[in-house]
Amino acid sequence: MMEQEASREHAVTVGSRVYVLRVWYEGGEGGGGGAWRASVREGPNGERRAFASVDECVEHLYGELLRR
């Protein structure tokens, strides 16, 4: 049983990546138009990329997954 769990865990980590995703709401106080913003970093030490919208961030992540 332990061998099966170790094998399954190895299979998941071999082709996986870790991204740190941050999403926040900016502006919009007093009835003005705010927007959701996002940033993503690959792993805890990767370069941070900021996006003006969550949609842009999702497009970036999708492209990253297709590239690798």
Side-chain angles (χ1 to χ4, degrees):
M1 176 111 165
M2 290 289 280
E3 280 184 37
Q4 288 177 335
E5 288 179 21
S7 177
R8 186 175 27 223
E9 186 175 314
H10 177 72
V12 170
T13 52
V14 167
S16 65
R17 278 164 276 176
V18 174
Y19 290 92
V20 178
L21 172 66
R22 290 191 173 107
V23 178
W24 66 95
Y25 191 76
E26 197 171 88
E29 293 184 29
W36 285 97
R37 307 289 188 212
S39 70
V40 69
R41 177 187 319 253
E42 186 170 358
N45 301 317
E47 182 180 337
R48 180 178 175 257
R49 294 195 52 161
F51 300 91
S53 72
V54 175
D55 287 342
E56 288 178 16
C57 183
V58 170
E59 285 182 33
H60 168 74
L61 287 171
Y62 185 69
E64 286 290 305
L65 296 174
L66 291 178
R67 250 183 344 117
R68 297 181 187 189

Visitor: Which pair of non-hydrogen atoms, one from Ser39 and one from Phe51, has the smallest distance, and what is that distance?
Guide: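 So the two residues come closest at CA-CD1, 4.4 Å.
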Visitor: Give the minimum heavy-atom separation between Ala38 and Ser53, together with the two atoms involved.
Guide: CB-O, 4.4 Å
Visitor: Can you list the residues that meet the salt bridge (Lys or Arg N to Asp or Glu O under 4.0 Å) rule with Glu64, with sequence neighbours excluded?
Guide: Arg67, Arg68
Visitor: side-chain contact (heavy atoms from CB on, under 4.5 Å) with Val58: which residues, sequence neighbours excluded?
Guide: Val54
Visitor: Could you check whether the rings of Tyr25 and Trp36 sit parallel, tilted or perpendicular, using 30° and 60° as the cut-offs?
Guide: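 Rings of Tyr25 and Trp36: perpendicular, as their planes differ by over 60°.
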Visitor: Show every salt bridge (charged side-chain N to carboxylate O under 4.0 Å, His left out) that has at least one partner inside residues 43-62, sequence neighbours left out.
Guide: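 Counting only pairs at least two positions apart or across chains, no salt bridge (charged side-chain N to carboxylate O under 4.0 Å, His left out) contact touches residues 43-62.
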Visitor: With sequence neighbours left out, write down each residue that passes ring pair (Phe, Tyr, Trp, His ring centres under 6.0 Å) with Tyr62, or none if nothing qualifies.
Guide: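 Partners of Tyr62 by the ring pair (Phe, Tyr, Trp, His ring centres under 6.0 Å) criterion come out as none, since no residue qualifies.
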Visitor: Hydrophobic clusters join Ile, Leu, Val, Met, Phe, Trp and Tyr when side-chain heavy atoms are under 4.5 Å apart, directly or via other members; which others share one with Val20?
Guide: none
Visitor: Could you work out, with salt bridge (Lys or Arg N to Asp or Glu O under 4.0 Å) as the rule, every residue matching Glu26, not counting sequence neighbours?
Guide: Arg37
